[in-house]
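In what follows, a structure is listed as structure tokens, so that the remarks can point back to it.
Keep in mind it's a predicted model, so treat the numbers as computed, not measured. Residue numbers start from 1 in every chain, and the chains themselves are labelled A, B, ... in the order their sequence lines are given, proteins ahead of strands.
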There are 2 protein chains.
Amino acid sequence: MYGALADGSRRTMVDRLSRGPATVKQLAEPLTMSLPAVLQHLRVLEESGLVSSEKVGRVRTCRLQPAALQAAEQWIADRRAGWVSRLDRLEEFLNGEEQ
Amino acid sequence: MYGALADGSRRTMVDRLSRGPATVKQLAEPLTMSLPAVLQHLRVLEESGLVSSEKVGRVRTCRLQPAALQAAEQWIADRRAGWVSRLDRLEEFLNGEEQ
DNA sequence: CTGATGGTTAAGCACTCGCTTAAGTATCCG
DNA sequence: CGGATACTTAAGCGAGTGCTTAACCATCAG
């Protein structure tokens, strides 16, 4: 999940998919690498649950799975919130000290 | 940044730090690995900007850098929002079609 | 000073990652 | 049918990652 977003090429693919579904060819277009390489990235994204795809005829269409993205976002938000609230308590404590 | 969160041990460290500052020893405690290994993870977290640390006497104290976490959160939120709003437009379009 | 504590450096090793090329397979078009 | 298109599989390779052990340095307590 986090590993899937660790790679810049994969983030480019997610970025593209955030603007709507795309074929493998379309995903590969802004990337300077072979098609098999793109397939490998796509597999990582699918296994992480971030992306799903289905094949119709000879074309595979890929789309984002927002729920999975939300899980990553939530984990980060939770950690950050915990830390920020700790800072708030510290500030409160320091303000109390002053008087 | 995303690479830093790709590793489970590093996420455990971030989780610990989200509940307040900690020494290297304390970060290592829940991890089943040698201290040098923890140091290496810490370096990755510092280079990503997620964590900062300072040494006083022989003790190094580490703390979370919420701003960096927020950047990651924001990237994900943006991509997810783009996709969700696309779904909204699709829904609008389909509702319009019905009439 | 001496031992214990907390951290740091260096070297090395197994494994994974991201990519490649080469050679398929399965449609679709004319 | 025959060629072009869109993927797919397999094999392999160089670089990077995550870990280890061994040795070392710097502080602090007694």
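- Distance L35(B) CG to dT9(C) C1': 12 Å, rounded to the nearest Å.
- The separation between Q40(B) atom CD and dT8(C) atom P is 12 Å, rounded to whole Å.
- Heavy-atom distances to DNA chain D give each of P36(B) and V44(B) a nearest nucleotide, and the one nearer the 5′ end belongs to V44(B).
- Side chain of R11(B) to backbone of L5(B): a donor-acceptor contact under 3.5 angstrom is found.
- At dA6(D), none of the side-chain N or O atoms of K55(A) fall inside 4.0 Å of OP1 or OP2 (strictly under the cut-off).
- Between E29(B) atom CD and dT5(C) atom C1' the separation is 16 Å, expressed in whole Å.
- Residue S34(A) has no polar side-chain atom (N or O) positioned under 4.0 Å from OP1 or OP2 of dC19(C).
- Ion pairing between E73(B) and R80(A) holds under the 4.0 Å rule for side-chain N and carboxylate O.
- OP1 or OP2 of dC19(C) sits under 4.0 Å from a side-chain N or O of H41(A).
- Nearest to the side chain of M33(B), among dG18(C), dC7(D), dC19(D), sits dC19(D).
- Between V38(B) and M13(B) the shortest side-chain heavy-atom distance falls below 4.5 Å.
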side-chain hydrogen bond (donor to acceptor under 3.5 Å, both in side chains) between S53(B) and E46(B), intermediate numbers included: CA-CA 8 Å; S53(B) 75; E46(B) 291 206 45; 2.8 Å; yes

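- Separating the CD atom of E46(A) from the P atom of dC7(D) is a distance of 13 Å, rounded to the nearest angstrom.
- Between the CG atom of L39(B) and the P atom of dT9(C) there is a distance of 7 Å, given to the nearest Å.
- In terms of position on DNA chain C, the residue among R58(A) and S9(A) whose nearest nucleotide sits closer to the 5' end is S9(A).
- A residue-by-residue look at R43(A) and V56(B) shows that R43(A) has its nearest nucleotide of DNA chain D further toward the 5' end.
- One atom, CG of L31(A), and another, P of dT20(C), lie 10 Å apart when rounded to the nearest Å.
- With dG7(C), dC7(D), dC19(C) as the choices, the nucleotide that has an atom nearest any side-chain atom of A37(A) turns out to be dC19(C).
- With contacts defined as side-chain heavy-atom distances shorter than 4.5 Å, the pair T23(B)/C62(B) does not qualify.
- Between the CG atom of L42(B) and the P atom of dG18(D) there is a distance of 14 Å, rounded to whole Å.
- Rounded to whole Å, atom P of dG18(C) lies 12 Å from atom CE of M13(A).
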